[in-house]
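So the structure is just underneath, and the comments pick up after that.
The structure presented is a predicted model; accordingly, all values stated were derived computationally and were not measured.
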Amino acid sequence: MNDNDVQKQIQQMVRFIRQEAEEKANEISVSAEEEFNIEKLQLVEAEKKKIRQEYERKQKQVEIRKKIEYSMQLNASRIKVLQAQDDLVNSMKEAASKELLRVSGHHHHYRALLKALIVQSLLRLKEPALLMRCREDDVQHVEHVLDDAKEEYASKAEVHAPDVIIDDIYLPGAPTHNDAHGLSCSGGVVLASRDGKIVFENTLDARLEVAFRKKLPQIRKQLFGSVAA
């Protein structure tokens with residue numbers, strides 16, 4: 001083999017090696033690009049997922065805030081409605097209290113009422129000796145009906161007439177414009193056992209309070225309907 005043949009073989013080997021190297025380089029380049037594209041796609045999908053999760057989280061926060069705000073507004077509205085209802089009911093009670101002040105102005109009817117209140121109190125307490133308080137303005141009215149009231153009680157209870165002493169400490173008088181929110185009494189009596197352990201308040205104001213509490217559900221139903229009651 002001469003030098004030319006050797007040179008040709010060497011060149012063929014070089015071309016073969018170069019071709020293999022180029023093919024290998026192409027394979028590596030294609031593989032790297034595929035891996036890059038796959039990794040890039042994974043990164044993009046991961047970022048999309050994060051964005052979706054963040055959006056859903058913020059959307060839930062917005063929905064929760066809306067629900068809280070709606071609930072607060074609804075509760076505030078309910079409170080306003082209930083307050084308005086209470087104001088109306090209380091205004092009715094105040095009007096009834098003012099009407100009570102007129103009761104004692106009709107002496108004949110008021111004395112009959114005092115007698116009934118005393119009899120009722122005696123029947124409730126059933127004590128042989130009692131202390132009774134009334135307004136200072138009502139002392140004459142009470143004295144006028146007391147004996148008849150004791151006899152009526154004795155007849156109904158089938159006992160002896162009790163010993164009733166009118167206390168010289170009086171119930172407060174009717175409210176005045178100067179002291180509208182102070183202690184006051186529209187009329188009636190308070191009876192107690194002599195030892196003070198048993199007390200029965202039978203004033204007009206106390207009876208109004210009892211009647212008002214008892215009738216309150218019915219009052220609310222008539223004013224505001226079955227739902228408000």
Side-chain angles (χ1 to χ4, degrees), residues 85-223 229:
Q85 292 179 355
D86 287 341
D87 291 344
L88 178 58
V89 171
N90 289 331
S91 67
M92 291 180 60
K93 185 179 178 182
E94 290 179 3
S97 296
K98 292 178 180 179
E99 288 296 320
L100 286 181
L101 297 175
R102 301 182 181 183
V103 174
S104 59
H106 305 282
H107 292 173
H108 178 71
H109 296 292
Y110 184 52
R111 284 182 175 180
L113 176 59
L114 281 174
K115 178 185 174 182
L117 293 174
I118 294 171
V119 172
Q120 184 185 51
S121 302
L122 294 173
L123 288 169
R124 179 66 64 89
L125 296 175
K126 294 183 179 179
E127 290 287 322
L130 300 110
L131 185 67
M132 181 168 59
R133 286 185 181 177
C134 62
R135 301 187 306 179
E136 188 173 7
D137 292 342
D138 293 341
V139 172
Q140 290 183 350
H141 298 312
V142 170
E143 290 176 342
H144 187 269
V145 301
L146 181 56
D147 288 339
D148 289 341
K150 290 193 297 183
E151 291 301 325
E152 182 176 336
Y153 160 72
S155 176
K156 288 183 176 181
E158 297 182 351
V159 296
H160 293 292
D163 180 21
V164 180
I165 296 176
I166 301 176
D167 198 355
D168 55 3
I169 298 176
Y170 305 109
L171 298 177
T176 62
H177 294 290
N178 296 329
D179 190 14
H181 300 288
L183 294 176
S184 62
C185 178
S186 301
V189 294
V190 176
L191 273 77
S193 58
R194 291 289 175 86
D195 57 10
K197 292 182 179 180
I198 306 175
V199 179
F200 183 59
E201 186 176 356
N202 213 8
T203 63
L204 300 184
D205 307 272
R207 293 184 66 84
L208 173 63
E209 188 67 32
V210 171
F212 190 79
R213 287 200 303 268
K214 184 177 180 181
K215 295 292 184 180
L216 185 57
Q218 183 178 346
I219 292 172
R220 286 187 174 276
K221 184 175 181 179
Q222 290 180 348
L223 288 176

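- Considering only heavy atoms from C-beta on, Val89 comes within 4.5 Å of Leu216 through its side chain.
- Put simply, CG on Leu130 and CD1 on Ile118 are 11.0 Å apart, with the number rounded to the nearest 0.5 Å.
- Identified under the ring-ring contact (aromatic ring centres under 6.0 Å, His included) test for residues 110-137, with sequence neighbours left out: Tyr110-His141.
- Within the structure, side-chain hydrogen bond (donor to acceptor under 3.5 Å, both in side chains) contacts touching residues 91-100 (residues at least two apart or in different chains) are Lys93-Glu209.
- Checked against side chain to side chain donor-acceptor pair (under 3.5 Å), Asp168 has no partners two or more places apart in sequence or in another chain.
- In this structure the side chain of Val164 reaches within 4.5 angstrom of the side chain of Leu122, judged on heavy atoms.
- With sequence neighbours excluded, the residues that form a side chain to side chain donor-acceptor pair (under 3.5 Å) with Ser193 are Asp195.
- In plain terms, the two heavy atoms of Ala192 and Leu125 that are nearest each other are N-CD1, 4.1 Å.
- A salt bridge (charged side-chain N to carboxylate O under 4.0 Å, His left out) check over residues 104-125, counting only residues at least two apart or in different chains, returns the pairs Lys115-Glu152.
- With sequence neighbours left out, the side chain to side chain donor-acceptor pair (under 3.5 Å) criterion links Asp163 to Arg194.
- Contacts of Ala211 classified as side chain to side chain contact (heavy atoms under 4.5 Å, CB included), with partners at least two apart in sequence or in another chain: none.
- Applying the salt bridge (charged side-chain N to carboxylate O under 4.0 Å, His left out) test to Asp86 and every residue at least two apart in sequence or in another chain returns Arg220.
- Rounding to the nearest 0.5 Å gives a distance of 13.0 Å between SG of Cys134 and CG of Asn202.
- In this structure, the side chain of Asp205 does not engage the main chain of Cys185 through any donor-acceptor pair within 3.5 Å.
- Between Leu101 and Ser186, the shortest heavy-atom distance links the atoms CD2-OG, 3.4 Å.
- A search for salt bridge (charged side-chain N to carboxylate O under 4.0 Å, His left out) contacts involving Asp167 returns Arg133, not counting sequence neighbours.
- How far CD1 of Ile198 is from CG of Leu191: 11.5 Å, rounded to the nearest 0.5 Å.
- Evaluation of the ring-ring contact (aromatic ring centres under 6.0 Å, His included) test over residues 113-139, restricted to residues two or more places apart or in two chains, returns none.
- Take Lys215 and apply the side chain to side chain donor-acceptor pair (under 3.5 Å) test, not counting sequence neighbours, and it matches no residue.
- Between Val119 and Leu123, some side-chain heavy-atom pair lies under the 4.5 Å cut-off.
- Here the closest non-hydrogen pair linking Gly173 and Arg135 is CA-CD, 4.2 Å.
- Listed by chain and number, the residues in a salt bridge (charged side-chain N to carboxylate O under 4.0 Å, His left out) with Arg207 amount to none (sequence neighbours excluded).
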Check against side chain to side chain contact (heavy atoms under 4.5 Å, CB included), Leu223 and Met92: CA-CA 11 Å; Leu223 288 176; Met92 291 180 60; 3.4 Å; yes
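- To the nearest 0.5 Å, the span separating NE2 on His107 from CG on Leu114 amounts to 10.5 Å.
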Worked check of side chain to side chain contact (heavy atoms under 4.5 Å, CB included) between Lys150 and Leu146: CA-CA 6 Å; Lys150 290 193 297 183; Leu146 181 56; 4.1 Å; yes
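- Under the 4.5 Å side-chain criterion, counting only non-hydrogen atoms from C-beta, His109 is not in contact with Leu113.
- Side chains of Val210 and Arg213 form a contact here, defined as non-hydrogen atoms less than 4.5 Å apart.
- Judged by distance alone, with hydrogens and angles left aside, the side-chain atoms of Ser121 form a donor-acceptor pair with the main-chain N or O of Leu117 at under 3.5 Å.
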Test log, rule side chain to side chain contact (heavy atoms under 4.5 Å, CB included), inputs Asp138 and Leu171: CA-CA 10 Å; Asp138 293 341; Leu171 298 177; over 6 Å; no
